[in-house]
Amino acid sequence: MAAAGGHSANYFLQSVPGLEQVPIHVLSSTVVALLLIVTTFVARLQLTSSMKSPGGGIIPDEKLTYRNFFEILAEKLYGMTQMVLGHHEALIYFPLLATIFVYIFFCNLMGLIPGFGGSTDNINQTLAMGLFAFIFYNLVGFKAHGAAYLKHFLGPVLWLAPLMLIIELASHIFRPLSLGIRLRANMTADHAVLASFSDLAPIFIPVIFMGLGVFVSFMQAFVFTLMTMVYISLSASHDH
């Protein structure tokens, strides 16, 4: 099954002249980035068109449309961001968090499409995402607290500071590793299961597991985004 990142997926994407030596996860993530650019452009055109309508874009479409789908997704994701970060921080960080969610979700879905390899099957890709989240939430901490952010690593008691420093550093270093490894392991397992059952019964059974794969793709994007929200909340909190 190509969706599991097998040889057929590599052959399909890497058969383009000049791309034979490009890693499959790089090709897949590039395709996702291009799709998101096109999606954003189409969404912007529809938003502009709806704002010129008699309702001014305030009244939603009666049926489920391209616009409605992304409005529902954005509304639910923004509500979750508000619950975790609060109203003020949600306004600041929601665009980035929504981008992370959509990007990971589409990268996960790529692994379900025959002929394409999922970039989140590659540990380099997922660790890079985890590292990005790690760098970003620490930058948020320094922005919110300045140099005083470093006191968070020392604990509330001075004589325990050396021990707390080791514990806190280990905890923070483990965060990007856990984000990257969890995402990669779950998506690799999901695509492997889909590939196995597709080989055994290639007609009807794969539909069930592709539906399950869409659910897993959504949940893994959700978990990664939620954990990033929590880390941002902890670093920006004034309760250190």
How close do S233 and V84 get, heavy atom to heavy atom, and via which atoms?
-> OG-O, 3.5 Å
Which heavy atom of G130 sits nearest a heavy atom of P176, and at what distance?
->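 Shortest heavy-atom separation between G130 and P176 comes out as O-CB, 3.3 Å.
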Would Q125 and R184 count as a side-chain contact (heavy atoms from CB on, under 4.5 Å) if you check the C-alpha gap in whole Å, the side-chain angles of each, and the deciding distance to 0.1 Å?
-> CA-CA 9 Å; Q125 174 88 357; R184 191 258 180 178; over 6 Å; no
How far apart are the C-alpha atoms of S217 and L112, what are their side-chain angles, what is the distance that settles it, and do they pass the side-chain contact (heavy atoms from CB on, under 4.5 Å) test?
-> CA-CA 9 Å; S217 297; L112 302 176; 4.1 Å; yes
In Å and rounded to the nearest 0.5 Å, what is the [atom1] to [atom2] distance from [X] to [Y]?
X    : Y    : atom1 : atom2 : value
E168 : L163 : CD    : CG    : 10.0 Å
L96  : I232 : CG    : CD1   : 6.5 Å
T228 : L179 : OG1   : CG    : 5.5 Å
I181 : N186 : CD1   : CG    : 11.5 Å
L91  : E89  : CG    : CD    : 9.0 Å
N108 : M187 : CG    : CE    : 4.0 Å

Assess whether side-chain contact (heavy atoms from CB on, under 4.5 Å) is satisfied between V223 and L226, documenting all intermediate values.
-> CA-CA 5 Å; V223 169; L226 177 61; 5.7 Å; no
Are the side chain of S171 and the backbone of I167 linked by a donor-acceptor contact shorter than 3.5 Å?
->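 Pair absent, no side-chain N/O of S171 close to backbone of I167.
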Backbone N or O of A185 within a donor-acceptor pair of the T188 side chain at under 3.5 Å?
-> no
Checking side-chain contact (heavy atoms from CB on, under 4.5 Å) for the pair F101/M229: CA distance, chi angles, key distance, verdict?
-> CA-CA 11 Å; F101 173 84; M229 289 182 192; over 6 Å; no
State plainly whether one hydrophobic cluster holds both F224 and I173, where clusters connect Ile, Leu, Val, Met, Phe, Trp and Tyr through side-chain heavy atoms under 4.5 angstrom apart.
->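 As far as the 4.5 Å side-chain criterion goes, I173 and F224 are not connected within one cluster.
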With the 4.5 Å side-chain cut-off for hydrophobic clustering, are V230 and L177 part of the same group?
->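 In one cluster: no.
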Does CZ belonging to F215 count more than 12 external heavy atoms closer than 6.0 Å?
->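 For F215, atom CZ is not crowded (no more than 12 foreign heavy atoms under 6.0 Å).
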Check the angle between the aromatic planes of Y137 and H172 and answer parallel, tilted or perpendicular using the 30° and 60° thresholds.
-> tilted
Residues F134, F174; criterion ring pair (Phe, Tyr, Trp, His ring centres under 6.0 Å); working and verdict | CA-CA 10 Å; F134 171 80; F174 182 73; over 10 Å; no
Do Y149 and N138 come close enough that some side-chain heavy atom pair is under 4.5 Å?
->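 Of all side-chain heavy-atom pairs linking N138 with Y149, at least one is under 4.5 Å.
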Do Y103 and F106 have ring centres separated by under 6.0 Å?
->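 No, too far apart.
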